[in-house]
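Everything on this sheet refers to the single structure shown next.
Reckoned from all heavy atoms, side chains included, excluding hydrogens, waters and symmetry mates. Numbering of ligands and ligand atoms starts at 1, following listing order.
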Amino acid sequence: MTSLLRIDSSLRTDGSVTRALTGAFADAWEAAGGDVVARDLQSAPLPHLPYFGLHFPASENDPAQWDVARALQNEVIEQVKAADALVIAAPLINYSVPSTLKAWMDYLHVPGVTAAPVPEEGPLAGKPVVIVSPRGAAYDEPGAETRLDHAVPALTALLGDALGMSVEAITVDRTLANLLPELDPAKAETLLDAALAMATQRAAELYAQLS
Ligand SMILES: Cc1cc2nc3c(=O)[nH]c(=O)nc-3n(C[C@H](O)[C@H](O)[C@H](O)COP(=O)(O)O)c2cc1C
């Protein structure tokens with residue numbers, strides 16, 4: 001079966017835009033005939049990467065106290081390797097990804113293991129990744145400070161540039177409109193509907209491409 005790894009990282013369950021988007025993606029994937037493996041980094045967070053040396057391949061000289069974290073790292077890596085595609089929730093949290101997602105990224109990136117000198121030749125090369133990234137503010141305004149979004153660029157640098165995966169992103173702005181009326185709730189709803197439709201469409205297209 002063609003397998004999707006769904007990674008959630010929203011701080012909330014009720015009202016989460018990313019969970020609605022990863023959910024729509026996963027539902028469309030399953031409707032097409034695929035299976036879905038879920039990892040929720042908010043309800044089951046990884047500890048921060050505890051040792052500098054874990055950024056590098058395991059060796060027989062590694063101290064025994066690294067073993068638990070190394071096992072966790074292997075599990076993270078094997079889960080990504082086993083998936084045919086990934087959908088990753090990356091809500092913009094203080095201009096970047098949630099710290100839970102950052103920890104997952106830190107476990108995954110191991111030069112010589114997941115990252116090859118030529119990224120296109122690495123073990124994850126070409127694997128499709130769809131990032132869904134809501135932003136509370138109106139980055140779609142003319143002149144908006146899009147440089148302040150360090151979520152999609154950081155994930156793309158790691159998964160795409162370093163690991164050679166095939167990365168695309170679905171962003172949706174104004175998700176705080178229900179709390180801040182100046183963000184135009186009607187416009188926010190239209191943007192969300194479009195993003196949900198896009199998530200459903202991309203899941204079906206990617207599944208068809210991979211099956
Ligand atoms: C702690 C925190 C920090 C946030 N920082 C930003 C930010 O820097 N820029 C922004 O546009 N929205 C920011 N937001 C709003 C979230 O991006 C927005 O609510 C998004 O929809 C959250 O994802 P979720 O709906 O899946 O929970 C922040 C929200 C929280 C809770």
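Listed by atom number, the atoms of ligand 1 under 4.0 Å from S10 heavy atoms are 24 (P), 26 (O), 27 (O). Shown in contact with A137 at under 4.0 Å from a heavy atom are these atoms of ligand 1, numbered in order with element: 10 (C), 11 (O). Proximity to Y139 (heavy-atom distance under 4.0 Å) selects the following atoms of ligand 1: 9 (N), 11 (O).
Using cut-offs of 30° and 60° on the angle between ring planes, the pair W29 and F25 is parallel.
Ion pair D84/K127 not flagged as a salt bridge, since none of the NZ, NE, NH1 or NH2 atoms sits closer than 4.0 Å to an Asp/Glu carboxylate oxygen. Looking at E182 and R174, no side-chain N of the basic residue comes within less than 4.0 Å of a carboxylate O on the acidic one, giving no salt bridge. In this structure, R19 pairs ionically with D40, as a charged nitrogen and a carboxylate oxygen lie closer than 4.0 Å. A salt bridge links R39 with E75; the closest basic N to acidic carboxylate O contact falls under 4.0 Å.
Of the protein's non-hydrogen atoms, L92 O, 3.5 Å is the one closest to atom 16 (C) of ligand 1. What sits closest to atom 2 (C) of ligand 1 on the protein, heavy atoms only, is I93 CD1, 3.8 Å. With respect to atom 5 (N) of ligand 1, the closest heavy atom belonging to the protein is N94 N, 2.8 Å. Of the protein's non-hydrogen atoms, the one nearest atom 8 (O) of ligand 1 is Y95 N, 2.9 Å. The closest protein non-hydrogen atom to atom 21 (O) of ligand 1 is T175 OG1, 2.7 Å. Closest protein heavy atom to atom 10 (C) of ligand 1: G136 N, 3.5 Å. For atom 26 (O) of ligand 1, the nearest protein heavy atom (residue, atom name, distance) is T18 OG1, 2.5 Å.
Of all the heavy atoms of L176, the ones lying under 4.0 Å from any atom of ligand 1 belong exclusively to the side chain.
Backbone and side-chain nitrogen or oxygen atoms of P91 are examined, and none is located within less than 3.5 angstrom of a nitrogen or oxygen of ligand 1. Here's the thing with R135: none of its N/O atoms is less than 3.5 angstrom from an N/O atom of ligand 1.
Defined by atom type and a distance below 3.5 Å, a donor-acceptor pair is present between the side-chain atoms of T22 and D8.
Heavy-atom minimum distance, S3 versus D35: CA-OD1, 3.1 Å.
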Inset, instruction - Kindly determine whether M165 and V80 satisfy side-chain contact (heavy atoms from CB on, under 4.5 Å), including the steps that lead there. - result: CA-CA 11 Å; M165 298 167 87; V80 173; 4.1 Å; yes

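Residue H48 qualifies as open at atom NE2: its count of foreign heavy atoms under 6.0 Å is 12 or below.
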